[in-house]
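Beneath this line is the structure, given in structure tokens, with notes to follow.
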Amino acid sequence: MDDVMRAELERRLQLIEDPAGAEAALPPLPVADLLAALAGLAVLTVVLLWWAL
Amino acid sequence: MSASSPAALTPDQDATLNELPLLRRERIWGFWDYSSVNVGLAIATWAFLQGGAVAYYVGAKQAVASIVIGYGISVLLVSLAPCLPCGRYGVEQFVSMRSVLGERGARALMVVMSALLAAAWSAVLAIMCGHALANVANQVLDTEISAGAGIVSVLAVLALGASWAIVARGPRSIELVNRFVAPGLVVVTLVMLALVFTRTSWSELAATPAFDPWGDGHLDFMLAVELNIAGGFAWWPNVGNLARLTRSTRSAFWPNAIGLFLASVVAAIVGVFAALALGSEDPTLWMVPLGGALLGVLALAFVGMANITSVVAQSYSALVAIKGGGGSAVRRVPWALLAALILAPAAVLVFFPEAVYDNYARFVSWGAIVVAPLCAVQLVDFFVLRRQHLDLRALHLPHGESRYGFLRGWNPVAVGAVALGALTYALLLNPVSYEPAGWFRYLTASLPAFAVAGVAHGVGTWLVLRRRTDWGGYR
């Protein structure tokens, strides 16, 4: 990695590593979203197996 | 070309074209932007090919169930890893894998994925584009071009050239193209579905037997489910670098349900129905019999060209990966030249159209052997072992200085777990002959491979790597 690239990386890391800054990492996906996706898939699977088999 | 004032940025500063972590203001895709890119990626003719392949094992009813269940499982897993780590941190997909495999392990993986899988899939799509355009010529110009003719390869090369022209302009052009192509693909798919039912009724379709089943109903259904699980896992090498461009973790997660799941499922179901109704698994042969000369040719031309959007999306992902993992020499290569180099292997493969095109199910299976265990290892690593926290600085340090250094840049536990998963897959489903072993009928092959790799990585890390801080930073 050349000096220009390294400097740009450092600038970005400082912005992202500041937890209170506007460029901080995004928050995790809410657990409710994951549970909703899992529940939807489970219901769909059971209904389709009942219908097709 | 990039999110913020492209003219002001050098290629080194434009992080949408290299492996630097993206800032929030550089994320260019919201929910619907990423959904439309996803739809454009999903409804290429590979979704129709998937449907045609499923028609070999099961009839219409079981095909619907196997497609929804198979894609549902694997798309959900792929949406969790790599989409969420990449979306949350704006980090390039194979850079994020340094926390799992080590710097050298991630680089080796990137080369294999980008060079081999991207080339193979680009070739399949380009050949299909060639087939479609050749069929258009046969209808409009009254030519008699066969599927293996040299002109098909030339048309496929032209399709790769068009893909290069788009991808060379960066991710903004992908978004722009998909804004027009994605809705058009949805319309073509739904019109095809309607046209299938002008030729046949649901009861006739449901009674139509599969093309070449094993004769054991339960085993055939599980083979169809496996084919669709593997089809969903095939998105793994591409989606992380696309999710990285989204503005929220929800936007990195849910559009996969619209694009990779719903659009793929609808297109694959249309593919099965058309294959069963017309007695052919080749999607480029369906359009004219279904739609008549004018509508069929228009649909065929559109779907043929739409393959280009899929080549573009996956080439962009591979390019970002290679820029990131290829070292300083590769980083100096201009984006457009690198785009040409990454499409070059596909341009060779398209001169063997029948060998590539006729091995679709095997390509899917070969991908799943590696990708199902990889997805498991990444998922366990990010969500269970690291509780969704990555050290972004350590990801970008050389392995000798990084907490993600492991043993000389390799994580032997993760590599061993992936190998165990791949072995599990191969023992359950022969990847060459596609012949299943006894337990396959209860387990499939991808899911046990996923489970074995995930458990092996979790237990191995707990027992071995947690002893020292510099062995991956788990302690």
Side-chain angles (χ1 to χ4, degrees), chain A, chain B residues 10-13 15 18-27 58-69 72-73 75-76 79-80 83-84 87-91 217-218 221 246-254 256-257 261 327-328 331-332 383 387-393 395-396 398:
Chain A
M1 192 179 283
D2 60 31
D3 290 343
V4 176
M5 190 82 167
R6 195 177 301 279
E8 180 60 21
L9 173 63
E10 183 57 37
R11 184 182 76 84
R12 287 166 182 273
L13 288 175
Q14 284 182 4
L15 287 169
I16 297 170
E17 284 172 344
D18 176 6
E23 300 293 354
L26 299 174
L29 182 76
V31 175
D33 287 43
L34 177 59
L35 293 177
L38 282 170
L41 179 61
V43 169
L44 208 54
T45 300
V46 170
V47 169
L48 281 167
L49 287 176
W50 169 79
W51 173 70
L53 296 181
Chain B
T10 67
D12 277 352
Q13 291 169 317
N18 62 36
E19 83 280 22
L20 293 177
L22 288 173
L23 302 174
R24 284 195 188 195
R25 62 171 176 265
E26 293 171 321
R27 314 286 191 98
V58 287
K61 227 174 170 182
Q62 292 195 346
V64 172
S66 70
I67 289 168
V68 174
I69 294 168
I73 292 169
V75 168
L76 175 59
S79 302
L80 293 173
C83 286
L84 288 183
R88 184 167 182 213
Y89 288 95
V91 67
H218 180 71
F221 179 70
T246 55
R247 297 191 198 105
S248 71
T249 39
R250 277 186 162 144
S251 296
F253 181 74
W254 285 109
N256 298 305
F261 175 67
S328 56
R331 199 173 292 114
R332 282 194 292 273
F383 287 96
R387 309 286 170 97
Q388 300 193 56
H389 288 287
L390 292 179
D391 182 340
L392 213 51
R393 186 173 293 274
L395 284 176
H396 292 86

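Naming: A, B, ... by sequence-line order, numbering from 1 per chain.
- Using a 4.5 Å cut-off between heavy atoms, B:Gln62 touches chain A through backbone and side chain atoms alike.
- Interface residue B:Thr246: only backbone heavy atoms are found under 4.5 Å from chain A.
- Remark: B:Arg24 pairs with no residue by the salt bridge (Lys or Arg N to Asp or Glu O under 4.0 Å) rule, at least two apart or across chains.
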Let's go through A:Met5 and B:Leu20 carefully: what are the C-alpha distance in whole Å and the side-chain angles of both, what is the deciding distance for side-chain contact (heavy atoms from CB on, under 4.5 Å) to 0.1 Å, and is it a yes or a no?
CA-CA 9 Å; A:Met5 190 82 167; B:Leu20 293 177; 3.9 Å; yes
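- Between A:Pro30 and B:Arg250, the shortest heavy-atom contact is CG-NH2, 3.7 Å.
- Under the salt bridge (Lys or Arg N to Asp or Glu O under 4.0 Å) criterion, B:Arg247 pairs with no residue at all, not counting sequence neighbours.
- Two residues are said to be in side-chain contact when any heavy atoms from C-beta on lie closer than 4.5 Å; A:Arg12 and B:His396 fail this criterion.
- At a 4.5 Å heavy-atom cutoff, the contact between A:Leu15 and chain B is made by side-chain atoms alone.
- In this structure, CZ on B:Arg393 lies 7.5 Å from CG on A:Leu9, to the nearest 0.5 angstrom.
- Heavy-atom pairs under 4.5 Å with chain A were tallied for B:Leu23, B:Leu76, B:Thr249; the largest tally goes to B:Leu23.
- Contacts of B:Leu80 with chain A are made by side-chain atoms alone, with heavy-atom separations under 4.5 Å and no backbone atom involved.
- When all heavy atoms are compared, the tightest approach of B:Pro21 to A:Ile16 is CB-CD1, 3.7 Å.
- A:Pro27 touches chain B through backbone and side chain together, each having a heavy atom under 4.5 Å away.
- Of the residues considered (A:Val47, A:Leu29, A:Leu48), A:Leu29 shows the highest number of contacts with chain B, using heavy-atom pairs under 4.5 Å.
- In terms of modelled atom types and a separation under 3.5 Å, the side chain of A:Thr45 and the main chain of B:Ile69 share no donor-acceptor contact.
- Residue B:Trp254 holds its CH2 atom at 5.5 Å from CG of A:Asp33, rounded to the nearest 0.5 Å.
- A distance of 10.0 Å separates CD in A:Glu23 from CG in B:Leu22, rounded to the nearest 0.5 Å.
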